[in-house]
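Here is the structure we will look at, set down as C-alpha cells.
From a predicted model like this one, the values you see are computed outputs, not experimental measurements. Just follow the structure's listing: the first ligand is 1, and inside any ligand the first atom is 1.
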Amino acid sequence: MVHKAGQSIIVSLMRLIHITDPHLSTLDGLGFLGVRGKRRSGYLSWYKNRRFAHRREILDQLTESVARHDPDRILLTGDLVHIGLEREMKEAAAWLRTLGSPGKVILVPGNHDNYATDSLESMYRQWGDYLPQRNGDAHDYTAGFPFEHRAGSLKITGVNTSCVTRIFSAAGELGQSQRGRLLISLDPGQDDHFHCLLIHHPPLPGIIYRRKALRDAGELGDIIRRTKPHLVLYGHIHCNREDHLTDTRIYCTASASDAENASYRIFDIEQADPGWHCRMRLVALQDRQFKTVAEESWQATVS
Ligand SMILES: [Fe+2]
Ligand SMILES: [Fe+2]
C-alpha cells in the first residue's frame, strides 16, 4: 500500500506483534516424584505459583486478539513451557501451529524451554521447523544462531541465550562465538534494512538480578551501542518495560498468559524517505478485555 503523508511518499512495510513467555504447558498428573534433579524445583514452582499466574484461557484470548490485528510476523521471545519435557514440547508445538506457520512466527527459545540436558532434542523434535537449521554440534544450543529472517526491508536477527543452568539459576549466555556472529549480523554496513533483534534475556546489565541475568549482557550492550539495531525485543522478566540506548528502542512485554497483566505489542513499521516511521501500541488485559494502554510513534533513521 502506498499513500501520501505531507510531502513524502510512504510505503507500508510491516505489522509486527511481539508476544513472549506464554508458559503454556500443564504439569497436571506429573507429580513431584515424576521428575528428577533440577526439574523437581521447577515442578514445585509450577505447583505453588506458576499454574495460577499463567492461565491457558488468557493465552487463548490473547491469541485470538492478536489474530484480529492480522500481523505480518509474530515475534515470540521464548519460555513456551515450564521444565522442558517432551510432553510440554508437544503441547507447545500444537499451540504454535494455531498461532501461525514457521515463516510467520519467528521465535527464539527461553531458559524454561532449554531447561535440562534432554530439552534441546525434544524442542527440535517437536517444533524444529520453527528453529534455525543446526550446522555443527547438535548439542550446542547456539548452533544455527543467530539466524536472520528477511522480509522486504525488514531484517530480524534472533539469538539463543538459553544455556542449561544449574538448579535455582535462570541465567543466560550468548557465549563468545555467538557474540562474534551477532556482531557481523548486526553490522549496519551490511545493508540498510530496518533491523530488529530478538532475545529472551534482558540485553543490558542491571535490568534483573544476577541469578536471572544474561552473563554477557555487558558485552551485548557494547554490541548494541556499536551497531544500533532499530528495535530489540525480549522477555524473561514478565513485565512491560522500555529502555533507549542511543537510537535503539528496547522493549520487554509481559507474559502472554499472565492472569493479571497479559500483554502484547503491535509495531507498525512504514518505510519513509529517509528511514522508517514506527508506531508502537501496547495492548494489555484490563477488565477481562485486551485494550490499548500505551502508544508512541517515532522516526527511525538509516544507521
Ligand atoms: Fe518466563
Ligand atoms: Fe525466562
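Taking the Fe ion (ligand 2) as reference, the nearest N/O/S atom within His200 carries the name NE2. The minimum distance between the Fe ion (ligand 1) and any N, O or S atom of Asp79 involves atom OD2. The atom of Asp21 that is an N, O or S and sits closest to the Fe ion (ligand 1) is OD2.
The Fe ion (ligand 1) has no N, O or S atom of His236 under 2.8 Å away, backbone or side chain. Using a cut-off of 2.8 Å, one finds that Asn111 contributes an N/O/S atom close to the Fe ion (ligand 2). Here His112 does not reach the Fe ion (ligand 1): none of its N/O/S atoms is less than 2.8 Å from the metal.
A cation-pi contact, defined as under 6.0 Å to the ring centre and within 45° of the axis, links Arg134 to Tyr124.
Note on ring orientation: taking the six-membered ring where Trp is involved, the planes of Phe194 and Trp276 are perpendicular (angle over 60°, cut-offs 30° and 60°). Note on ring orientation: taking the six-membered ring where Trp is involved, the planes of Tyr47 and Tyr43 are parallel (angle under 30°, cut-offs 30° and 60°). Taking the six-membered ring where tryptophan is involved, the planes of His23 and His54 are tilted, since the angle between them lies from 30° to 60°.
Between the side chains of Glu148 and Ser185, at least one donor N or O sits under 3.5 Å from an acceptor N or O.
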